[in-house]
Amino acid sequence: MKISVVKETAPGERRVALVPEAVAKLRAVGLDVLVESGAGDGAWHTDDSYTAAGASVVSRADALAADVVLMVGKPDAAAVAALRPGQTVIGLLAPLTDPDLTAALAAAGVTALSMDMIPRTLPRAQPMDALSSQANIAGYKAALLGATHFGRFFPLLITAAGTARPAKVLVLGTGVAGLQAIGTARRLGALVSAYDVRPETRTEAESVGATFIELTSVDSAAGEGGYARALTDDERMAQQQELAGHIARHDVVITTAQVPGRRPPLLVTQDALKAMAPGSVVVDMGASALGGNAAGSVPGETILTENGVAVIGASGLPSSMAAAASAMYARNISALLLYLIDDGALALDRDAELRAGVIITTGGAIVHPALTAADDQAVQADPATGTSRLHPDQPDEGAARAVPGSAR
Ligand code: NAD
């Protein structure tokens, strides 16, 4: 069976689906590994390093013709057009927010496995949990970004030239990324507070050094499978108002809140930004084309508000640490492959729970239960533009002034 790695085509994406170390492991179980020329460049893996690990370096057309095609993100339109029925595609395909791609993969007749749909709570699937591996990197980098853009120190410093008080950092959303952001900011010496709408995260946040903030206006919004549910309009407004007071008291705010399949919840409103002190920093890991956790954040850009608050649209952070992110993703995807390989072929039937979680299309149809049962309140595709539109209860807010330069 031929397994291939294609070069990522999304703008700014530097990660690669397999690193040479992972190639060697797949070769050891008898798989032929093809790597598109240049696929590893962004993560500092040369074509020669793949050849040395036992891969064949091939053209894009040859890579796209393999039995199993591996990628980090989504295939572009030309790649989808090149796929043929019977092939398998594996990547972070984001089917909950990109129904058009899912439909196109189904129409192409390919079997698509989405790494972001792996059932994370299955113990045997934990080595395959790419959402966690990439969120860990993103949380770490978000804390570093906050420290870099903040014009003062994170730690308490007592020097002959004066004493610097420690920075006050607030982390909103304490899932995998938020916990890593807390730990990293603490290691840099900041005083860290944290909030999540799932109260059970309190002990986790405290265990990595944060003081947990409880809001009196919003009850638990724990949803299914350990994720948060979307808030009602009333809950959302109450949360935003109460959070604004806490936000104003912090120097750096790192937002990581997500609700699966929906626009990231708006936690830092325009009013909250206006109440922050000049020189404060907001690192919005929820920044996306759909809108982010902070009002007016733009993915990949740093915005400076009228009152001097930097709002960093911190999307794509794993790609900014492409070597580490690729190594971890490669371990995740190889763990999935090595688990499923039987007698040189992918035995997709061997594990019903894993199969039901990870396969989104096969045999010309969309098969994932979360996609076939998606309600009309989830993020929906706009056929006119090919983009997704916001859930109506999440109006976006106006953007502030853009500062030239990237967020990273
Ligand atoms: P996520 O990326 O979906 O969301 C990040 C955080 O944002 C979550 O903690 C969520 O509660 C929070 N959030 C959502 N809406 C919010 C709002 N309006 N206000 C404040 N916070 C809000 O989360 P994740 O990091 O992917 O983790 C999701 C769950 O999966 C967690 O329960 C985590 O412990 C669990 N998990 C389990 C395993 C495992 O069992 N092996 C592995 C990874 C994650």
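In each ligand, atom 1 is the first atom listed, and ligand 1 is the first ligand listed.
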Q: Cationic tip of R187 within the cone over Y140's six-membered ring, i.e. under 6.0 Å and within 45° of the normal?
A: no
Q: Does K74 pair with D98 as a salt bridge, N-O distance under 4.0 Å?
A: yes
Q: Among I312, V311, D284, I303, exactly one meets side-chain contact (heavy atoms from CB on, under 4.5 Å) together with V298. Which residue is that?
A: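 Single side-chain contact (heavy atoms from CB on, under 4.5 Å) partner of V298 among I312, V311, D284, I303: I303.
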Q: List the atom of S315, the atom of G300, and the distance in Å for their closest heavy-atom pair.
A: OG-N, 3.7 Å
Q: With sequence neighbours excluded, what pairs up with E13 under the salt bridge (charged side-chain N to carboxylate O under 4.0 Å, His left out) test?
A: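 Counting only residues at least two positions away or on another chain, E13 forms a salt bridge (charged side-chain N to carboxylate O under 4.0 Å, His left out) with R15.
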Q: For a quick test of reading the model, state the closest non-hydrogen atom pair linking I254 to A142 and the distance between them.
A: CG2-CB, 3.9 Å
Q: Below 4.0 Å from any atom of ligand 1, which residues have a heavy atom? Give them in chain and number order, please.
A: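 Those residues closer than 4.0 Å to ligand 1 by some heavy atom are R120, T121, Q126, D129, S132, G173, T174, G175, V176, Y195, D196, V197, R198, G226, Y227, A228, L231, Q239, T256, A257, Q258, V259, P265, L267.
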